[in-house]
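To start, the structure itself, in structure tokens.
Order of the sequence lines fixes the chain letters, A, B, ..., with proteins taken first and strands second; residue numbering starts at 1 for each chain.
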Number of protein chains: 2
Amino acid sequence: MRATTEARLLDAAEELFFSRGIAATPVDAVLARAGASAATLYRGYPTKEALVAAALDRRHRDWVATWDACVERQPDDEGRLLAVFDALDAFRSGPRGARWCAFLGAAAEHADESAEVAAAVRTDTETLRSRLTALAEPVVGPDAAALAEELLLVVSGDLAMRLRDPGHRTALAREVARALVARRRA
Amino acid sequence: MRATTEARLLDAAEELFFSRGIAATPVDAVLARAGASAATLYRGYPTKEALVAAALDRRHRDWVATWDACVERQPDDEGRLLAVFDALDAFRSGPRGARWCAFLGAAAEHADESAEVAAAVRTDTETLRSRLTALAEPVVGPDAAALAEELLLVVSGDLAMRLRDPGHRTALAREVARALVARRRA
DNA sequence: GTCTATATGCGGATAGAC
DNA sequence: GTCTATCCGCATATAGAC
């Protein structure tokens, strides 16, 4: 499979699966958008679920890169901790912007998802948890893990709010997060 | 359609759709659990989506009733405002407990859901918003709407966290909410 | 009113040509 | 390696008997 075809397939998969829903998107729609045929897809991936998992994996790598860039742009520890909200904004308004969260969406669609998809969701959660904890450590020290758990709740809430209200602004979550950080500092 | 058959159909729909996913659950599975046949289902509802919408409607009424009961049990204004978390716990561990949130789940599955389903989701959100605002009014007065928006974020975050970690405890959300209330009071 | 049996369409996946 | 054409199964919905 040529690299460009593979990339187009993943692009199309990401765009359609994570905005319209996975089950609601037939592979034919992905193929049409990618300009590829079914045989080409199934040459690279054994099943539709494998394509979903591959799209999630690539998305996760790009999300972490976006987040890293936002962290590095901040001058102080608290800014770096709250940079996750800049990243949410940036990722959303960028070319990879989806309706809400690709990982939560994949988890929501099937109680028994394939092992690969389930692993991708778990990885996303653990990445958020561990990175938030590390970023919180210089800010609140021993409370880092507890604060990270609170921020994970707020991040997930921001993502879920996009389902309730497509115009939902990340500013609310950032404001709530700031209050939670301040509370632990005091 | 006999009332008991109708109730069994809604029970089965609720249990399966909102735990395993709507698209992932064929109507046959609902029929098998309800002990009814396809003809009986389609006598009462024109489409599968209509059954989903009916199950959401009934669930919404019962959720509000559960919430009301938790509010009434509280002795003070702050307790009544935070009673939404008691209700989340009670609803979850009761017989209607689902994997996460039936309304967010329905919204997640299709970008273009049927008008009835979309309306049910919107109703759920607006109910949360307006009731939280009303309950916040005696606690923080003019800040009620702003606080309600924050609490809606936290409630949605608690629900989304259930997807990330099935054992997620509501206590975290309640604690965060308490801090947000305290901040607005001061 | 509920059943059995079935029509109908669509989605995932494959075979075989080029 | 990619395409065209197609198979096969499953899911929604209906027809007609009891």
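- With respect to R174(A) and D86(A), a salt bridge is recorded, a charged nitrogen being found less than 4.0 Å from a carboxylate O.
- Taking atom CG of L51(A) as the reference point, atom P of dA13(C) lies 10 Å away to the nearest angstrom.
- The nearest whole Å value for the distance from the CG atom in L41(A) to the P atom in dT14(C) is 10 Å.
- Ion pairing between R80(B) and D77(B) holds under the 4.0 Å rule for side-chain N and carboxylate O.
- The salt bridge (charged side-chain N to carboxylate O under 4.0 Å, His left out) search around R169(B) returns none, not counting sequence neighbours.
- Taking the charged nitrogens against the carboxylate oxygens, R20(A) and D112(B) have no contact shorter than 4.0 Å, which rules out a salt bridge.
- Ion pairing between a basic and an acidic side chain is recognised when a charged N comes within 4.0 Å of a carboxylate O; D158(A) and R162(A) show such pairing.
- In this structure, D143(B) does not pair ionically with R183(B), as no charged nitrogen and carboxylate oxygen lie closer than 4.0 Å.
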Which nucleotides of nucleotides 3-18 of chain D have their base under 4.0 Å from a protein heavy atom (B), which only their sugar-phosphate (S), and which neither (-), written as one string 5' to 3'?
-> BB------SBBBB---
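- Of the side-chain N and O atoms in T5(B), one or more sit less than 4.0 angstrom from OP1 or OP2 of dT2(C).
- Atom CG of L31(A) and atom P of dG11(C) are 12 Å apart (whole Å).
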